[in-house]
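Written out below as structure tokens is the structure these notes cover.
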Amino acid sequence: MEIPKQYDPKQAEEHHYSRWEQAGFFAPEANQDRNAPVFSIVIPPPNVTGSLHMGHALQHTMMDVMTRYKRMCGYRTLWVPGMDHAGISTQLMVTRELKKERLTRHDLGREEFVERVWQWKQESGGQITKQMRREGASVDWSREKFTMDEDLSRAVREVFVRLYEEGMIYRGNRIVNWCPNDQTVLSDLEVEKVPQAGKLYYLQYPVKGSDERITVATTRPETMLGDTGVAVNPRDERYRRFVGSTLLLPLTSREIPVVADDFVDPEFGTGAVKVTPAHDPNDYEMGVRHGLDQVVVIDTHARMTEAAGADLAGLDRYKAREAVVEQFEELGLLERVIDYEFSISKCERCKTVVEPLISLQWFVRMEPLRDLALEVLSKEKKPRFSPESYDKVYTNWLENIRDWTISRQLWWGHQIPAWYTETGEMVVARSLAEATAKAGTAKLTQDPDVLDTWFSSALWPFSTLGWPVETDDLKTFYPTSVLVTARDIIFLWVSRMVMMGMKFMGREPFADVYITGTILDPQGQRMSKTKMNGVDPLEVFDKYGVDATRIMLASVGSTDSRWNEKQVESYRNFANKIWNAARFALMNSEGARIDPRTLAKSEDLALHDRWILSRLNKTTRDLQAAIAGYQFHEAVQTLYHFFWDDFCDWYIELTKADVTSEAEGPQRIQSRTRLLSVLDQALRLLHPFMPYITEDLWLRLPGAASDLLHPAYASASPTIMLAAFPTMRDELIDEQAEWEMQAVIDLVTRARNLRSEMNIKPGERVSVLVSSPDEQLRSVYSASADQISRLVRASKLQISAASEAPRASARAVLTGGGEVAIPLEGLIDFEQERQRLGKEQEKLRAEAVKVETQLANPSFVERAPAEKVNELRARIADIAQRTAQLQQTVENLQ
RNA sequence: GCCCGCUUAGCUCAGUGGUAGAGCACUCGCUUCACACGCGAGGGGUCAGUGGUUCGAAUCCACUAGCGGGCACCA
């Protein structure tokens, strides 16, 4: 069998995914075990307009690692894919399309527009689902969902109606965040505060019946036209006498009262605040408290209304600001203007400055829902956040929660299931039929607004499983096991899923929440479309392969880190290493096939076999612990180290002589079998992280057949993705073998170091003389003499109790107090050699001093655990042995 | 203003009470029969600073500085 020297990711990525998908391996039904434990994840639904970015790739990697891992462990595994209809984004996308045809959505009308959106979705939406296939995501496509699907829409209406009937959804006039560009209301979470350099204007309002004036400070002079009062702190001596008096509002003919309110901070500005209930959230509250009028002077397009006066009506808010300031100046009522930095509210999506407006909208009362979420958190610790610190952020937000504005003035989305009769009466119902029955008339008009996209997302963990129908899926897979997402949607999404899950399912939607880190650009900035600094995962896939990208992303874990292509490159090299290790095993596999029985404990195992089995089992144990604790970085490090250092650098080298032996026979077959079997196990460990290369190689291994699959998938065709994940076997962890192997590694490394220091040509074979006073070590060296000779390229390896090296030798001291020497007649510069060993002595002395000082400290010996004290005593003993040996070695130079 | 995180080798990052780690970069030597996307051997860190707790601190606590993030306020 010809295997190329370099791994070609594209070739492996071409075939396996479609085979897996078509064979139904991703579906939970692949699992034939009725009693199998269950593992489920719902994907954070990407926007239907979206395409794959690094954040998706990161999250999907984590989810796929967990899903593939659990699947191989025999769990009935479901990862639900799907997409979000993404109200505003999608509507804007299609609106832009229409613009090319010189049409607006109003030209089409609502019904036809919505039809166009569906058409767009059909033709070009959901690019991301193709990209997810490329990623290797083992989602069950047969259960793919879309938030606008009929069944999910039914769930939305059901929730709306039930909440309404309980009085938890209400409609009312409230001050809200209005985006003048998108022409819709926004929830608090969709507004971002941006610091801005601006001005603070000090305006004077004359007191009626007096020559006095009260000065107020404002960043938005144009809103003064809507002032219906001025507020001062009741304890503010300066203004006490004005409370109750009347002010003449300049530029208008209106008179407004001075009121006292604790909200006012006497320290800020002038201590007197203009109150504009219709255009400021705090003023709105104050206005309610004092019964002040609401005068609307700015409309939904951020232009001045008639109420602002004939001169200004129709003017843009910023133009109006200039005009107002000008007029105040002319009237001599502009006291001063100072530079002032403040935060401005912008629409998160289009960055337009939000206008607070009083508007008739739908809201959800959050306190009762919030209490459910807080209760399950305090009583059951659910969800359990990883990293834990996010649970504080989550709790703080819940504690300060405010009502949720759920209506949006859009056409694309779930239309609010409320209907109005001709007489203006309202009915809320699951359908038009139900509404007709309730209202007693068919002459109904449905509320034109749609629901916030996050309303349907909040139901995702149960709506995707069939709710409100009690489906088998719902019973089996809810609550889900874990939610994987980025931290920026903890409030928008995670918390709302918990609240809705508790409310409608009576149980938390997921046990754990794993928050991934953020991949920043190389300068440490967030990647964004506007900054054009994003790295396209698909390009990285093309350049380095999906597997390399995945394992690199997994290693990022939950901390933010800068994008570093070199890292992907190093994992590409890792993939190549795996490829070549397998290549070696395959090139020497004649007569052998995978046989897990050769990985059992047995008396006749060689040291390197006992050692690799111990390493394999420790790796399995550590890997499982790391995955269980969401320590993906650690999991990757464990795998990398095991495969490269333990398996490739040592095991393959140590078993090479047997495996490549010219002599056919049982020993060769056995070593080949064991090599293949260890490789099989290693590939299984790697598979959740690197699905393509592991499948590609595994299928080539002789003996890779259905009998290696987890029993739950026994009837499936061979695939590593359904192979049983290795389990740790305690009896194979062999500390003695690890200790012995460490001695061998130490000897080999020091001998190689001597060769290197002495500039011995790599091809040149030398005599190596090893001595050790320790009989056990001598027998360890002897037992591995052939391999040691091979690894250090020794023509002769002599092992003795006392050093027999000639004076002209390069020498080094071994752990455990032995010596390794290479005779180099005529090549040794004795002075140089003494210096080299002198450095070694220095190091040992320094170490000895450190340890001795600690041991000489009585309180250390008294208070430190005995284990630690013994550890140090063992170390000092070893240092003493090495020091003595070194002394001897130096003397031998004389 | 409040809260959270980060500061460790030239770079990107692990490590959270007991001998400072990885990858990349760097130095030296190698076309050694799996792999030059490789092999072997090296060099490189007062773990941001100060103080404290402790037998012992990169690790725990407090403060300081710098960077990043979130929340609130902003007349």
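Throughout, protein chains are lettered first and strands after them, A, B, ... in sequence-line order, and every chain is numbered starting at 1.
Stacking of A:Arg336 on the aromatic ring of A:Tyr202 is recorded, both the 6.0 Å distance cut-off and the 45° axial limit being met. In this structure, A:Lys656 forms a cation-pi arrangement with A:Phe584, its terminal cationic atom sitting closer than 6.0 Å to the ring centre and no more than 45° off the ring axis.
A:Tyr514 pairs in a ring-ring contact (aromatic ring centres under 6.0 Å, His included) with only one of the listed residues (A:Phe385, A:Tyr390, A:Tyr630), which is A:Tyr630. Of the candidates A:Asn282, A:Asp227, A:Thr228, A:Thr228 is the only one forming a side chain to side chain contact (heavy atoms under 4.5 Å, CB included) with A:Pro277.
Atom name C1', nucleotides B:C6 and B:U16: the rounded distance is 14 Å, in whole Å. Taking atom P on both B:A20 and B:C47, the two are 11 Å apart, rounded to the nearest angstrom. For the P atom pair drawn from B:G45 and B:G21, the interatomic distance equals 13 Å after rounding to whole Å. Comparing the P positions of B:U7 and B:G17 gives an interatomic distance of 16 Å, to the nearest angstrom. If you take atom P in B:U54 and the same atom in B:A41, they sit 45 Å apart, rounded to whole Å. Nucleotides B:A9 and B:U59 place their P atoms 15 Å apart, quoted to the nearest Å. The same atom, P, is picked in B:U31 and in B:A36; the two are 14 Å apart, to the nearest Å. Spacing between B:A65 and B:U27 at atom C1', rounded to whole Å, works out to 36 Å.
In this structure, A:Asn857 places its CG atom 11 Å from P of B:A57, rounding to the nearest Å. With rounding to whole Å, A:Tyr640 atom OH is found 19 Å from B:U12 atom P. The interatomic distance linking A:Trp563 (CH2) with B:C11 (C1') rounds to 16 Å, in whole Å. One atom, CG of A:Asp265, and another, P of B:C73, lie 14 Å apart when rounded to the nearest Å. Protein atom OH of A:Tyr390 is 9 Å distant from nucleotide atom C1' of B:G69, rounded to whole Å. When rounded to the nearest whole Å, the span between CD of A:Gln523 and C1' of B:C11 equals 13 Å. When rounded to the nearest whole Å, the span between CG of A:Asn400 and P of B:C2 equals 16 Å. One can place CZ of A:Arg562 at 10 Å from P of B:C11, the figure rounded to the nearest angstrom.
Salt-bridge formation is not detected for the pair A:Asp658/A:Arg668: no Lys NZ or Arg NE/NH1/NH2 atom is positioned less than 4.0 Å from an Asp or Glu carboxylate oxygen. Under 4.0 Å is where a charged nitrogen must lie from a carboxylate oxygen, and between A:Glu13 and A:Lys10 no such pair does.
Counting any heavy atom pair closer than 4.0 Å across all strands shown, A:Val851 reaches no nucleic acid atom. Residue contacts shown for A:Thr276 are absent, as no nucleic acid heavy atom lies under 4.0 Å away. Residue contacts shown for A:Lys761 are absent, as no nucleic acid heavy atom lies under 4.0 Å away. Nucleic acid contact for A:Phe263: sugar-phosphate only, since backbone atoms but no base atoms lie under 4.0 Å from a heavy atom of the residue. Here A:Leu200 lies in heavy-atom contact (under 4.0 Å) with sugar-phosphate atoms only. Nucleic acid contact for A:Tyr340: sugar-phosphate only, since backbone atoms but no base atoms lie under 4.0 Å from a heavy atom of the residue.
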Report summary line: Encoded 5' to 3' (Watson-Crick or G-U under 3.5 Å; [ ] crossing; | other strand), RNA chain B becomes ((((((((.[[[[.)..(..]]]].(((((.......))))).....[[[[[..)....]]]]])))))))....
Query raised in the report: For A:Asn177 and A:Asp188, what are the C-alpha separation, side-chain angles and deciding distance, and is it a side chain to side chain donor-acceptor pair (under 3.5 Å)?
Result: CA-CA 7 Å; A:Asn177 306 297; A:Asp188 294 340; 3.0 Å; yes
Report task. Test A:Lys543 against A:Thr549 for side chain to side chain donor-acceptor pair (under 3.5 Å), laying out the working first. Result -> CA-CA 10 Å; A:Lys543 192 162 172 192; A:Thr549 313; over 6 Å; no
Report task. Mind running side chain to side chain donor-acceptor pair (under 3.5 Å) on A:Glu862 and A:Ser859 for me, showing each step along the way? Result -> CA-CA 5 Å; A:Glu862 257 170 56; A:Ser859 44; over 6 Å; no
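Between the side chains of A:Gln567 and A:Ser570, no donor-acceptor pair is found at a separation under 3.5 Å. In summary, the side chains of A:Tyr544 and A:Glu565 do present a donor paired with an acceptor at a separation below 3.5 Å, with no hydrogens or angles considered.
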Report summary line: In 5'-to-3' order, the base (B), backbone-only (S) or no-contact (-) status of each nucleotide in nucleotides 31-48 of chain B, using a 4.0 angstrom heavy-atom cut-off, is -S-BBSBSSBSS------
Query - Per-nucleotide protein contact string for nucleotides 14-20 of chain B, where B marks a base within reach and S marks sugar-phosphate only (heavy atoms under 4.0 Å, - for neither) - result: S---BB-
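Of the possible donor and acceptor atoms, none in the side chain of A:Arg793 sits under 3.5 Å from a partner among the backbone N and O of A:Arg765. Side-chain atoms of A:Thr276 never come within 3.5 Å of backbone atoms of A:Ala278 as a donor-acceptor pair (strictly under, hydrogens ignored).
Residue A:Asn282 places at least one side-chain N or O under 4.0 Å from the OP1 or OP2 atom of B:C74.
In this structure, A:Gly524 and A:Ser343 both approach RNA chain B, and ranking their closest nucleotides by distance from the 5' end singles out A:Gly524.
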